[in-house]
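The next block holds one structure in the form of structure tokens; read it before the comments.
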Amino acid sequence: MAYTDDWESLMNGVFGAGGRVKFGSGAAQPDTKAKTGGLPDLNAALLEQQKQLDELLKKQNAQLKKQDADTQTALENSRQMLRDMENDGLLAKGTADTKPEHLGSFEGLAAEVKKTVLGQDAFVDGVVRAMRRPFVLGTEAPVARNVILLSGAPGTGRHFALEETARIMAARGLLQSDKTAVLDLALYPDAGSEKLFLQDLYAALHAPGEILIFEHYESCYPGFLKTIADLATKGSAPLSSRYLVNKEGILVDAGTALAPGAVSRIDPCGKYLIFFSHKGREALADKFGAPFVSAVGDVCTTIAFAREDLAAMAAQELNALAQKVRTRLGLTLTAGADVRDYVAAQCSKEKGAAGLKLCCDRIFRALSEYCLQTDTALTGTVALTAVPEGLQFALNGAAPADLFSLLPTEYTGAVDEIRAELDALVGLAPVKDYVFGLADNLQVQQRRAAAGFKTASLSMHMIFTGNPGTGKTTIARLVAKYLKAIGALKGGQLVEVSRGDLVGRYTGHTAPLTNSVIQSALGGVLFIDEAYSLYRGEQDSFGLEAIDTLVKGMEDHRDELVVILAGYTKEMEGFLTANSGLASRFPNKVEFPDYTADELLDITTVLAKGKGYRLDESCTFPLLGYYKRRQALDSRTAGNGRLARNTLEKAIFNQSRRLVAEPNAPLDLILPSDLEFDE
């Protein structure tokens with residue numbers, strides 16, 4: 001039977017089958033005739049059919065609206081499911097809101113990335129172009145999709161730009177996932193870490209996601225860089241030994257076993273191979289060779305942020321902070337251009353744009369501490385204002401108060417206490433002036449940054465020269481604490497080493513040993529006492545290797561490390577000729593003068609007090625005479641401060657013998673008879 005829809009049935013009801021007019025809906029025909037010519041009255045019939053048509057259209061519209069509502073509900077449920085998967089980390093953020101026309105397309109992708117990555121438009125364009133390249137040229141697994149170098153200064157948004165690009169690509173279906181694997185090549189500085197390197201490389205290549213990031217290739221053992229270069233240039237890297245993949249997916253050495261399924265080479269697995277560095281293409285050639293550089297598809301370099309870019313980024317961070325404050329603390333945050341400029345000024349050479357986020361995190365922690373001071377929920381508006389001393393806040397129009405004073409006191413090494421300790425040291429006036437000058441320079445540079453001026457980093461590597469016992473080690477320890485206290489160093493630890501800690505016992509041992517010491521001192525001070533012992537002449541290849549490695553480490557970590565070399569004046573002059581770049585790395589040479597007899601007497605008095613003893617006044621003259629004679633004879637062999645310490649220790653020993661015979665004598669008093677002089 002043929003299908004007839006509702007509309008056709010209605011028309012047939014009006015006109016009849018074949019288009020003949022019908023009168024009414026029944027079989028009976030009306031017997032009334034129009035007065036004009038006796039034709040049937042069609043008006044009533046048409047009105048009746050119009051009513052039926054209206055009812056049918058209403059019914060169909062209701063059905064369509066219900067279908068639309070059901071469709072919208074289904075779409076919203078689908079989007080909510082996608083958002084739940086985003087929150088669970090199963091999908092990239094933004095997948096649910098991606099427009100249908102953008103699925104599988106790079107159109108407008110760079111512009112979308114630039115909405116969150118500010119101030120690096122050319123860099124973003126380069127990254128998107130690098131990620132698009134294999135889609136245009138075509139690649140087939142297991143070869144690498146593309147080899148990319150992302151260079152630029154720290155804190156200029158290199159990592160964030162890549163993260164945002166990968167996220168949006170995954171949301172558009174251009175990547176299966178926005179997950180990235182990271183391999184820190186600084187963890188493999190010597191040949192002894194070969195198995196660990198291969199295991200980590202294999203795991204990273206087989207990890208979820210299609211992007212593998214290599215960090216710090218400059219600090220990697222050269223032999224391992226050859227393996228990575230083969231991945232890029234040849235499409236795979238051969239293994240020197242037989243390996244198996246265990247049940248956990250870990251690459252293990254098979255030894256001499258002829259086990260089935262042995263792995264003899266590593267493939268890129270069709271991933272993007274992305275290298276991060278502060279240096280450009282030329283440095284890659286030095287480490288990897290020219291063929292590898294030719295295999296690099298794209299080099300993208302960030303630039304320094306302009307002031308207006310920093311202002312826009314600061315505004316972006318403050319907006320995110322305001323949302324966080326509203327959600328977590330229930331307060332409305334307001335801030336003007338002064339606060340925006342304060343936050344923007346937190347961009348430094350060491351932290352880069354990350355300083356802006358760190359500043360906003362610190363603001364949130366301070367406001368959180370304020371809310372934690374009461375068990376009642378706070379409401380209203382908290383206003384931030386910038387002042388020369390920092391930031392102030394006011395809740396609901398109250399008097400402004402210092403914001404950061406709300407934070408728990410951070411350990412800084414107590415600046416005032418360290419200054420007092422330095423001041424308390426006997427003598428060393430020129431040394432103290434230099435150390436305190438470091439704080440003055442740092443303060444001025446911070447003020448310049450806050451005012452929007454360029455800052456100049458000051459090299460703080462130092463050479464302490466002088467005779468034994470002049471306080472070089474003591475000052476080095478205090479300098480480490482002081483630099484931490486004034487904010488010039490992140491860690492403030494002092495790593496004290498000598499030749500034996502840096503020079504290896506066999507060929508190939510020295511460089512890894514020295515690099516290990518450098519790594520342990522990052523964020524603090526590396527103090528090398530008797531540094532001249534590292535150089536015993538041109539035939540001392542091990543010592544020269546240690547010096548070369550030290551110079552390179554200072555260059556690679558110039559913003560993370562302060563190196564202090566100490567030694568005798570004459571010997572240190574010869575030591576500085578061991579490497580052509582050594583002397584230029586140490587612009588600050590501090591000469592420690594010998595102590596005078598009066599200063600040695602003061603040192604003796606201070607040492608005695610610290611041990612719970614006191615010198616009788618009659619000890620002054622003999623001690624002064626003894627110290628003058630010894631210092632005039634040869635201050636270098638006399639020992640300076642060590643001379644005072646040794647003299648006091650002998651006096652304490654002699655006093656104990658005297659007190660056995662004089663039980664009623666004061667236990668803390670040292671008499672001239674207790675003194676013993678080595679002439």
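Predicted model, so just to flag it, every value in this text is computed and none were measured.
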Less than 4.5 Å apart, any side-chain heavy atom of Phe214 and any of Leu201? yes
Rounded to the nearest 0.5 Å, what separation is found between the [atom1] atom of [X] and the [atom2] atom of [Y]?
X	Y	atom1	atom2	answer
Leu526	Leu494	CG	CG	8.5 Å
Tyr217	Leu284	OH	CG	4.0 Å
Glu112	Thr165	CD	OG1	10.0 Å
Arg167	Ser177	CZ	OG	13.0 Å
Ile274	Phe276	CD1	CZ	6.5 Å
Leu183	Leu212	CG	CG	6.0 Å

Can you tell whether the side chains of Lys279 and Asp286 come within less than 4.0 Å, N to carboxylate O? no
Check ion pair Asp361-Arg365 (N to O, under 4.0 angstrom): no
Sidechain-backbone polar pair: [X] side chain, [Y] backbone, donor-acceptor under 3.5 Å:
X	Y	result
Ser236	Arg265	no
His206	Tyr202	yes
Arg158	Ser277	yes
Lys271	Gly209	yes
Asn588	His461	yes
Gln493	Leu522	yes

In terms of heavy-atom contacts, does [atom1] of [X] have more than 12 from other residues, nucleotides or ligands at under 6.0 Å?
X	atom1	result
Arg133	CZ	yes
Glu107	CD	no
Glu101	CD	yes

Please enumerate all residues that pass salt bridge (charged side-chain N to carboxylate O under 4.0 Å, His left out) together with Arg145, with sequence neighbours excluded. Glu210
Which residues pass the salt bridge (charged side-chain N to carboxylate O under 4.0 Å, His left out) test with Glu545, not counting sequence neighbours? none
Aromatic contact between Phe135 and Phe106, with the criterion being ring centroids under 6.0 Å apart: yes or no? yes
Centroid separation under 6.0 Å, is that true for the rings of Phe575 and Tyr532? no
Please list, chain by chain and in numerical order, all residues satisfying side chain to side chain contact (heavy atoms under 4.5 Å, CB included) with [X], sequence neighbours excluded.
X	value
Asp309	Phe305, Ala306
Ala203	none
Tyr221	Ala191, Phe224
Pro512	Asp190

Using only heavy-atom distances, determine whether the side chains of Thr302 and Thr156 contain a donor-acceptor pair under 3.5 Å. yes
Return yes if a side-chain donor-acceptor contact under 3.5 Å exists between His159 and Glu215, otherwise no. yes
Name the orientation class of the two ring planes belonging to Phe275 and Phe288 (parallel below 30°, tilted from 30 to 60°, perpendicular beyond 60°). perpendicular
